[in-house]
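Here's the structure we're looking at; comments come further down.
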Amino acid sequence: MSSENVTYPGGLATLSERHNSRRAPFDFGAETLPPLDVDLAPLKATIVTEAATKKQKGEKRSSWATKRRAIAEEFVGNTELAYLNALLISNLRKSDAPEQTAPLFLRIWAEEHEHLIEALDIRWKVSAISTFADHGNTDVQRQVGQAMRMLFGMMKLYEYERLYSGFDPQTPYGFARKIKAKLPLLMDPFSLRWGGLDANILAPVWELAMTDPGIAPLANHLMEELNRDHGGIFRRLKRMKEVYLKLKDNS
């Protein structure tokens, strides 16, 4: 097959190679992550300082020490528990990690989700829900994690591409310049009057998430944030529908 006729020449093999190219495990040297039974209370009460971003005297060079310091720069002034969440996620993105990594990630979200939801910015909360896709403790956690990873990933791609349209994220398109063209893969057009694709995407995942206490608080929080956000495709479609129905009612 000609490379001009496909988006990804080589298909799955090429995509897998690209996906795995940055998944080599960290070299920890003498370091490791906290044990599974680490006391979380002091981590909630301790603030990350600038010292965490600096190389310590006698510290051996390792890929993990470099990464740990880089992550620390984002968490100065935040809690050690929020920082630990990021350290765990960074390891769980790799093809291998210390054996306590996934269980500890699941434990902190089971026991301290309120603190983490309050302490983390939205980017790290999305990273956390995505981590459940591969490391969830139940089928529901993995299904919800996978679905929300796909949801937020596709939103990021679409919203980034849309910036080249010249419209900001809050501004819906008008109706005058709509062109007649077929959608990819023989998809039916979306109906502004009757279309329910948005609900069909969001509601089943949200409902499923609420059945599992291990992922429900985080998933519910993110869905509520998506619902409140005044930009993005879902809010723009809502505004377009309102204008469309008003025009139809007045015609």
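Side-chain atoms are counted along with the backbone in the values below, which use heavy atoms only and exclude waters and symmetry mates.
- Geometric assessment of Lys178 against the ring of Tyr173 yields a negative cation-pi assignment under the 6.0 Å and 45° thresholds.
- With hydrogens and angles ignored, the 3.5 Å screen pairs a side-chain donor or acceptor of Arg236 with a backbone N or O of Pro169.
- Between Asn227 and Phe234, every side-chain heavy-atom pair lies at or beyond the 4.5 Å cut-off.
- Note: Asn85 CG to Leu43 CG = 11.5 Å, rounded to the nearest 0.5 Å.
- For Glu31, the CD atom counts as densely surrounded, since its 6.0 Å shell holds more than 12 non-hydrogen atoms of other residues, nucleotides or ligands.
- Between the side chain of Thr53 and the backbone N or O of Ala72, no donor-acceptor pair lies under 3.5 Å.
- Smallest separation of non-hydrogen atoms from Asp198 and Gly195: OD1-O, 4.1 Å.
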Inset, instruction - Assess whether side chain to side chain contact (heavy atoms under 4.5 Å, CB included) is satisfied between Leu33 and Phe28, documenting all intermediate values. - result: CA-CA 9 Å; Leu33 293 169; Phe28 272 78; 4.0 Å; yes
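- Across all non-hydrogen atoms, the minimal contact from Gly214 to Gln141 is CA-NE2, 3.6 Å.
- To the nearest 0.5 Å, the span separating NE2 on His135 from OG on Ser130 amounts to 11.5 Å.
- If you take NE2 on His230 and CZ on Arg239, they are separated by 8.0 Å, rounding to the nearest 0.5 Å.
- You'll find the side chain of Ile122 reaches within 4.5 Å of the side chain of Leu222, heavy atoms only.
- Closest of all the heavy-atom pairs between Ser90 and Lys67 is OG-CE, 4.1 Å.
- Looking at heavy atoms from C-beta onward, Leu92 lies out of side-chain contact with Asp134 at the 4.5 angstrom threshold.
- Residues Leu104 and Ile108 are in side-chain contact: their nearest non-hydrogen atoms beyond the backbone lie under 4.5 Å apart.
- Open room surrounds CZ on Arg18; 12 or fewer heavy atoms of other groups in view lie less than 6.0 Å from it.
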Inset, instruction - Show your working on side chain to side chain contact (heavy atoms under 4.5 Å, CB included) between Leu192 and Phe175 and close with a plain yes or no. - result: CA-CA 11 Å; Leu192 284 174; Phe175 298 103; 3.5 Å; yes
Inset, instruction - I would like to know whether Asp249 and Lys246 meet salt bridge (charged side-chain N to carboxylate O under 4.0 Å, His left out); could you show each step before the answer? - result: CA-CA 5 Å; Asp249 289 342; Lys246 185 176 181 179; over 6 Å; no
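- Nearest heavy-atom pair, Ala82 versus Leu116, reported as atom, atom and distance to 0.1 Å: CA-CD2, 4.0 Å.
- When side chains are defined from C-beta on, Arg22 does not count as touching Arg93, because their heavy atoms never get closer than 4.5 Å.
- Put simply, Phe190 and Ile201 are part of the same group of oily side chains (I, L, V, M, F, W, Y) that touch within less than 4.5 Å, one to the next.
- Ile71 and Ile47 are members of different hydrophobic clusters when ILVMFWY side chains are connected at heavy-atom separations under 4.5 Å.
- Leu84 places none of its side-chain heavy atoms less than 4.5 Å from the side chain of Phe105.
- Clustering ILVMFWY residues whenever any of their side-chain heavy atoms sit less than 4.5 angstrom apart, transitively, puts Leu157 in a cluster other than the one holding Leu151.
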Inset, instruction - Could you go through the side chain to side chain contact (heavy atoms under 4.5 Å, CB included) check for Leu87 and Arg68 one step at a time? - result: CA-CA 7 Å; Leu87 300 182; Arg68 173 179 52 74; 4.3 Å; yes
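- The CG atom of Asp27 sits 5.5 Å away from the OG atom of Ser62 when rounded to the nearest 0.5 Å.
- Pro217 approaches His113 most closely through the heavy-atom pair CB-CD2, 3.5 Å.
- Of the possible polar contacts, none joining the Asn220 side chain to the Ala216 backbone as a donor-acceptor pair under 3.5 Å is found.
- In this pair, Phe132 and Trp109 present their aromatic rings perpendicular. The plane angle is above 60°, beyond the 30 to 60° band.
- Atom CD1 of residue Ile215 and atom CG of residue Asn137 lie 11.0 Å apart, to the nearest 0.5 angstrom.
- Put simply, the side chain of Gln56 gets close to the backbone of Ala51: a donor and an acceptor are under 3.5 Å apart.
- Looking only at distances, a side-chain donor or acceptor of Thr14 sits under 3.5 Å from a matching main-chain atom of Pro9.
- In the hydrophobic clustering of ILVMFWY residues, with side-chain heavy atoms under 4.5 Å counting as a link, Leu245 and Val243 come out together.
- With a 4.5 Å cut-off on side-chain heavy atoms, Arg162 and Ile233 do not count as touching.
- Residues Leu208 and Met150 are members of separate hydrophobic clusters, defined by side-chain heavy-atom contacts under 4.5 angstrom among Ile, Leu, Val, Met, Phe, Trp and Tyr.
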Inset, instruction - Applying side chain to side chain contact (heavy atoms under 4.5 Å, CB included), run through Thr79 and Lys44 and close with a yes or a no. - result: CA-CA 6 Å; Thr79 68; Lys44 288 171 56 179; 5.7 Å; no
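- Atom-to-atom distance recorded for Leu88:CG and Ser127:OG is 12.5 Å, nearest 0.5 angstrom.
- Looking only at distances, no side-chain donor or acceptor of Arg23 sits under 3.5 Å from a matching main-chain atom of Asp96.
- Side-chain atoms of Gln100 come within 3.5 Å of backbone atoms of Pro34 as a donor-acceptor pair (strictly under, hydrogens ignored).
- Salt bridge status for Lys238 with Glu242: present, with a side-chain N to carboxylate O gap under 4.0 Å.
- Counting non-hydrogen atoms of other residues, nucleotides and ligands closer than 6.0 Å to NZ of Lys94 gives a total above 12.
- Using a 3.5 Å distance cut-off with no hydrogens or angles, the side chains of Asn91 and Thr101 do not pair a donor with an acceptor.
- Residues Phe152 and Lys156 are not in side-chain contact: their nearest non-hydrogen atoms beyond the backbone lie 4.5 Å or more apart.
- Of all heavy-atom pairs between Ala133 and Gly145, the closest is CB-C, 3.5 Å.
- The aromatic rings of Phe75 and Tyr83 are tilted relative to each other, their planes meeting at an angle between 30° and 60°.
- With hydrogens and angles disregarded, a donor-acceptor distance shorter than 3.5 Å links the side chain of Lys125 to the backbone of Ile117.
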